[in-house]
Amino acid sequence: MHTARIALEAPEPFSLWSTAWISGWGDLAPFYVDVKGRALTRILSLSSGDVVRSVWKQVDESRVEVRVESGRRLRSDEVMEAKAQVSGCLRLDEDYADFYALCSRSQHFRWVRRLAAGRLLRAPTVFEDVVKTICTTNCTWAFSRVMAASLCRALGASFDSGLRAFPTPSDVARTTVSRLSRDARTGYRSSYLVDLARRVLRGELALEDWRRSDRTTEQLRAEIQSVRGIGSYGTAYILNWVGRFECLTIDRWMRKKFYEKHCGGKAVSDDMIVEHYEKFGEWSGLFFWVDMTREWLAP
DNA sequence: GCGTCCAGGTCTACC
DNA sequence: GGTAGACCTGGACGC
């Protein structure tokens, strides 16, 4: 096994732990959280088709070290590709200065900067983010984990010792709805996933452009909603994932949490929830997120 | 052990 | 445009 080491400079404030934990994505294969060692493992697919294992660890306030393991010695451009993927997952290129400035001005949100919460771990590709979003709807989190792991096991390229990468659009497009249902346990979602992958391959959906699109959020929202299996909740989720935080990811769990936290357990309308965070403008969705998941970062 | 219900929604048919 | 019912399935819960 060959190993390459990558050093990533993190912006201030930054916490690998907060980033990995708060989004929930760190809990879904092919991400693996090492709670004890405070490290994150991720199986990465390179454009060459090779699959590598990467282990991410924060070594000090502003530095993340990534160990990349591969079956052969990687070329320097492949190491750079792995580095870019990790950086994209951690959203190191996004500017959160305004968000943290707003947090500092609010008594209720001062803790956010202290714990360096706010960055939400995402997948290396928008395709993976969309597939996983579909797999988090209408089911328990435990089942979402089963689906993510089964998708990798059934369709992902193999690394070693049973570890597999997340399937690419080609992997999913090549399979059948019945095989997905049987092997990936994605049930009625299977036709949505195959449909999505085939649209990507036909060039009808440029998913990967969503992260750097200069279109308005409303234009982007319309395209996201054209994906079968993605409704209003899923759209808000994906908009957050591509860096648009003006919409709130209100699902059953978040709704319940909001009622407990701000309404003494009494139910209120979604409009009331939106109104509660409206003052945070383009960051309202992120304020909602950190507010609801605050306890996840308890020691 | 077994049956029922619910869960980090969405789609479709129908009115 | 609003709403009811169907959709996969794992796990919690009550019996």
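Computed from a prediction, not measured in an experiment: that's the story for all the values here. Chain letters run A, B, ... following the sequence lines, proteins first and then strands; every chain starts at 1.
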Inset, instruction - Using a 4.0 Å heavy-atom cut-off across all strands, classify I230(A) as base, sugar-phosphate, or nothing. - result: sugar-phosphate
Inset, instruction - Scan residues 182-195 of chain A against DNA chain C and write down, sorted by residue number, each residue with any heavy atom closer than 4.0 Å; if none is found, say none. - result: R185(A), G187(A), Y188(A), R189(A)
Inset, instruction - Go through dT10(B), dG9(B), dC8(C) for me and flag the one nearest to the S232(A) side chain. - result: dT10(B)
Inset, instruction - Go through dG9(B), dC11(B), dG10(C) for me and flag the one nearest to the R252(A) side chain. - result: dG9(B)
Inset, instruction - Take E128(A) and R122(A) through the test salt bridge (charged side-chain N to carboxylate O under 4.0 Å, His left out) and record every step on the way to the result. - result: CA-CA 9 Å; E128(A) 182 179 327; R122(A) 64 186 178 188; over 6 Å; no
Inset, instruction - Run through W289(A), F99(A), F109(A), F245(A) and flag the one making a ring-ring contact (aromatic ring centres under 6.0 Å, His included) with F280(A). - result: F109(A)
Inset, instruction - Considering only atom P, compute the distance from dT4(B) to dA6(C) and round it to an integer number of Å. - result: 16 Å
Inset, instruction - Examine R294(A) relative to W111(A) and say whether NZ or CZ is less than 6.0 Å from the centre of the six-membered ring and inside a 45° cone about the ring axis. - result: yes
Inset, instruction - State whether F31(A) and R42(A) meet the cation-pi test: NZ (Lys) or CZ (Arg) under 6.0 Å from the six-membered ring centroid, and within 45° of the perpendicular axis. - result: yes
Inset, instruction - Could you state the atom-to-atom distance from CG of L151(A) to C1' of dC8(C) in whole Å? - result: 13 Å
Inset, instruction - Sort by first number and list every stem of DNA chain B: at least 3 consecutive Watson-Crick or G-U wobble pairs, both distances under 3.5 Å. - result: B:1-7 with C:9-15, B:9-15 with C:1-7
Inset, instruction - Kindly state whether the ring of F258(A) and the ring of H276(A) have centres lying under 6.0 angstrom apart. - result: yes
Inset, instruction - Compute the ring centroids of Y277(A) and W283(A), then answer whether they are less than 6.0 Å apart. - result: no
Inset, instruction - Can you figure out which of dT10(B), dG11(C), dC8(C) approaches the side chain of Y233(A) most closely? - result: dT10(B)
Inset, instruction - Please work out if G234(A) contacts a base, only the sugar-phosphate, or nothing of the nucleic acid, heavy-atom cut-off 4.0 Å. - result: sugar-phosphate
Legend entry - Between C1' of dA12(C) and CH2 of W253(A), the distance in whole Å: 18 Å
Inset, instruction - Give a yes or no on whether the ring-centroid distance for W25(A) and W241(A) is below 6.0 angstrom. - result: yes
Legend entry - Nearest-angstrom distance from the residue atom CH2 of W141(A) to C1' of dG9(B): 15 Å
Inset, instruction - Grab the CZ-C1' distance between R228(A) and dC11(B) for me, whole Å please. - result: 8 Å
Legend entry - R255(A) CZ to dG9(B) P, straight-line distance once rounded to whole Å: 8 Å
Inset, instruction - Rounded off to whole Å, could you give me the CG-to-C1' distance for the N138(A) and dG9(B) pair? - result: 5 Å
Inset, instruction - Look at all strands and tell whether T140(A) reaches a base, only sugar-phosphate, or nothing, counting heavy atoms closer than 4.0 Å. - result: base
Inset, instruction - Starting at atom CZ of R145(A), determine the distance to atom C1' of dC8(C), rounded to an integer number of angstrom. - result: 19 Å
Legend entry - Basic-acidic side-chain contact under 4.0 Å: R63(A), E65(A): no
Legend entry - Residue met sooner reading DNA chain B from 5', once C139(A) and G231(A) are mapped to nucleotides: C139(A)
Inset, instruction - Rounded off to whole Å, could you give me the CG-to-P distance for the D251(A) and dC6(B) pair? - result: 17 Å
Inset, instruction - Look at the aromatic rings of W21(A) and W17(A) and report parallel, tilted or perpendicular, splitting at 30° and 60°. - result: parallel
Legend entry - Closest-nucleotide ordering on DNA chain B, the 5'-leading residue of V227(A) and K256(A): K256(A)
Inset, instruction - Taking the six-membered ring of Y192(A) (Phe, Tyr or Trp), confirm whether the NZ or CZ of R228(A) is under 6.0 Å from its centre and within 45° of its axis. - result: no
